[in-house]
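For the numbers below, each heavy atom of this structure counts, side chains included, while hydrogens, waters and symmetry mates do not. Residue numbers start from 1 in every chain, and the chains themselves are labelled A, B, ... in the order their sequence lines are given, proteins ahead of strands.
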2 protein chains.
Amino acid sequence: MHNRCMIDPRLITLRVFARCGTVGATAELTGYSPSAVSAQLRELQRVLGMQLLTKDGRGVRLTATGRFLVEGSDTLISEWESLRAAAMEAGDQVQSRFGLGGFSTAAAQLLAPLAASLRSTHPLLQVQVLEANPARCFDLLVAERIDLAVIVAMQSDSYGEDDPRFEQTVLLDDPLDVILPASHPLASRKTVTLEELATEPWITEAAGSTYHSLFTAAFTAVGVTPRIAHEAVEWETQIAFVGAGLGVGLLPRLAPLHNAENVVRLHIAGKGKPARRIVAAVRRGSITSPLIQESLGILQVSAARILNDRPKDDL
Amino acid sequence: MHNRCMIDPRLITLRVFARCGTVGATAELTGYSPSAVSAQLRELQRVLGMQLLTKDGRGVRLTATGRFLVEGSDTLISEWESLRAAAMEAGDQVQSRFGLGGFSTAAAQLLAPLAASLRSTHPLLQVQVLEANPARCFDLLVAERIDLAVIVAMQSDSYGEDDPRFEQTVLLDDPLDVILPASHPLASRKTVTLEELATEPWITEAAGSTYHSLFTAAFTAVGVTPRIAHEAVEWETQIAFVGAGLGVGLLPRLAPLHNAENVVRLHIAGKGKPARRIVAAVRRGSITSPLIQESLGILQVSAARILNDRPKDDL
DNA sequence: ATATCCATGCACAATAGGTGCATGATTGAT
DNA sequence: ATCAATCATGCACCTATTGTGCATGGATAT
């Protein structure tokens with residue numbers, strides 16, 4: 001399972017460790033056991049003749065040398081990805097495994113068709129799809145568990161757009177809609193503005209979650225401070241809360257309302273049209289790989305189809 | 001023994017194969033058995049999902065993809081060497097193994113003191129010295145069997161000065177002297193010119209050898225075509241031939257005459273003062289490594305000392 | 001003081017990866 | 001045309017790397 005890389009897997013492990021800081025978390029991300037991670041890092045130090053880790057309290061911490069090595073390895077990894085991509089391209093070769101990662105609705109609406117398409121066109125390609133939140137998707141890319149991730153762009157998160165480890169491609173902007181109880185005075189409207197809903201009790205996710213930052217960003221853009229009344233983790237829960245009349249919420253258009261009772265979805269009008277940007281991310285250098293290129297193409301088509309299927313987007 | 005590299009060792013094996021063309025030779029150079037090389041290359045193709053080799057007669061041959069990958073891997077390797085060197089430098093770490101390679105007189109006069117010096121200053125460093133001819137030294141560098149080679153620069157050979165895999169540093173120019181039988185009419189002279197010896201029967205190495213090209217280069221420089229009477233492989237043999245009055249020869253100043261009877265060594269005068277250039281070669285990127293730097297320093301000192309010990313050099 | 005969390009060492013198990021020999025295919029020489 | 005030489009590869013076997021699971025020990029927070 002762990003033989004897909006040309007760079008020493010122990011260095012990959014070190015990179016994951018540099019990201020998450022503890023041996024246990026590294027083990028979880030890489031799929032090894034904690035003992036294995038510990039042994040790998042010890043071996044790596046022995047082979048390289050470098051001290052990469054120091055005890056720090058009850059954990060371990062990277063030394064300056066370790067940090068240096070990890071940072072420097074960014075270019076090494078992308079160099080390899082580049083080379084592999086070019087070689088695949090030059091010789092129209094087929095790779096055997098392909099890992100995809102994505103988050104909930106993105107995974108459902110974009111990744112599933114992609115995986116199906118790849119399966120049919122490349123019968124002997126082992127496609128694996130992992131559902132994971134955006135932050136974890138980046139970690140999984142670093143850990144080489146997946147090769148492509150479809151995620152919601154996070155502006156203020158730890159992985160910037162210019163991270164030397166990744167390359168990102170915008171797929172589509174998924175507008176946020178308002179969901180109201182059917183009994184709400186504004187429920188019969190076609191559109192609403194956030195200002196009109198400024199005093200409503202809002203339902204959102206817990207602070208620190210992926211969508212919470214989107215939520216606050218939407219309101220700060222129009223200069224309104226919403227009152228957060230309830231918190232939900234799943235869309236379904238949030239919809240149920242709204243249906244029960246507990247408050248109102250924001251729901252990405254890609255998230256299906258199914259046939260929820262007592263809930264209506266309204267597009268947002270006005271200058272601040274909040275949206276979540278959905279992007280595809282790959283390891284830097286791998287973007288020219290034929291499989292990646294094909295996948296991105298399929299994703300773009302899916303994204304375009306999604307936008308076309310919803311002609312009211314330009315409201 | 002073979003765990004010193006951060007790049008997949010199978011890729012290194014492929015690179016060596018690209019150099020020598022047969023599985024057997026690759027096995028000999030890398031230190032594996034032929035079966036192991038075969039299995040490694042098969043595995044590499046499986047893991048990468050690329051066809052790198054094709055059957056060609058009774059052997060195998062690189063495909064276009066294979067060649068592409070090998071060429072592209074040059075920068076990858078040097079990138080890694082660079083990174084490792086920088087990390088070692090940044091954290092004044094010590095590496096555990098260090099392989100040196102060199103050829104006969106160079107090995108004796110430059111490598112041995114270097115190895116001794118490194119041994120004393122780095123007690124727990126495993127220094128290994130391999131005697132090998134220049135071409136093989138380059139192969140051993142590619143195969144990662146050695147880290148530094150002291151060789152005689154070859155102008156027209158397969159490894160040019162600008163090979164992307166190596167970096168070379170000039171250590172010294174070792175002048176070629178003439179050795180004559182003591183009974184020779186010119187034996188009492190202080191110096192001679194090649195023109196004066198144009199009609200002599202010459203003793204040299206077999207065509208195609210390292211020094212044969214030096215030999216011919218020396219004469220073409222002064223526009224003389226020597227008559228090659230005898231061939232010898234070892235310096236000792238050549239000296240014995242000269243001592244027996246069979247002819248005259250060229251001998252690098254670094255090659256000791258010991259106390260050979262009936263043989264005198266004369267410096268060459270005139271415009272064409274032939275010399276063999278002795279250089280140190282390392283894998284590209286590794287030259288900033290502390291150990292390499294220290295070694296090069298020691299070598300330079302040795303080279304300077306050698307030149308000073310022979311004050312007649314500027315004749 | 002006690003509970004908890006984290007890394008690590010150890011016994012054991014799996015497996016990747018090695019060698020040596022036999023085999024088959026191809027080329028060149030007698 | 002036969003035979004020898006050369007080369008790659010498959011197979012049986014073995015080794016040693018590298019994994020897991022559990023127990024241990026140090027460090028912190030309650």
**OP:** Check the distance between D:dT6's C1' and B:Glu28's CD and give it to me in whole angstrom.
**Re:** 16 Å
Subject >> Side-chain ion pair, B:Arg15 and B:Asp74, N-O less than 4.0 Å >> reply: yes
Subject >> Euclidean distance, atom CD of residue B:Glu43 to atom C1' of D:dT9 [Å, nearest integer] >> reply: 14 Å
**OP:** Of all the heavy-atom pairs spanning A:Thr65 and B:Ala87, show the shortest one and how long it is.
**Re:** CG2-O, 3.8 Å
**OP:** Please check the phosphate of C:dG18 (OP1 and OP2 only) for any side-chain N or O of B:Gln40 closer than 4.0 Å.
**Re:** yes
Original post:
Can a side chain N or O of A:Tyr32 be found less than 4.0 Å away from OP1 or OP2 on D:dT20?
Top reply: no
Subject >> Atom-pair distance (CZ on A:Arg61; C1' on D:dA27), nearest Å >> reply: 15 Å
Original post:
Roughly, in whole Å, what's the span from CG in A:Leu41 to C1' in D:dG19?
Top reply: 14 Å
Subject >> Nucleotide nearest A:Thr22 (side chain, heavy atoms from C-beta), chosen from C:dG17, D:dT18, C:dA7 >> reply: C:dA7
Original post:
Counting only side-chain N and O atoms of B:Arg58, is one of them less than 4.0 Å from OP1 or OP2 of D:dT9?
Top reply: no
Original post:
Any side-chain N or O of A:Arg42 less than 4.0 Å from the OP1 or OP2 oxygen of C:dG9?
Top reply: yes
Original post:
Counting only N and O atoms by type, is there a donor-acceptor contact under 3.5 Å from the side chain of A:Gln238 to the main-chain atoms of A:Thr204?
Top reply: no
**OP:** Find the distance B:Leu52:CG to D:dA8:P and express it as a whole number of Å.
**Re:** 16 Å
**OP:** On DNA chain D, check which nucleotide each of B:Lys55 and A:Val37 is closest to and give me the residue with the more 5' one.
**Re:** B:Lys55
Subject >> Which residue lies more 5' along DNA chain D, comparing A:Ser33 with A:Asp56 via nearest heavy atoms >> reply: A:Ser33
Original post:
Quick one: A:Arg10 CZ to D:dG19 C1', roughly how many Å, whole number?
Top reply: 14 Å
Original post:
Do the charged groups of B:Arg84 and B:Glu89 touch, with an N to O distance under 4.0 Å?
Top reply: no
Subject >> Rounded distance (Å) that lies between atom C1' of D:dT9 and atom CZ of B:Arg46 >> reply: 17 Å
**OP:** Mind calculating the distance between CG (A:Leu44) and P (C:dT8) to the nearest angstrom?
**Re:** 13 Å
Subject >> Pair B:Thr63-B:Gln51, side-chain donor/acceptor within less than 3.5 Å >> reply: no
**OP:** Describe the nucleic acid contact of B:Ser35 in one word from base, sugar-phosphate, nothing, applying a heavy-atom distance below 4.0 Å.
**Re:** base
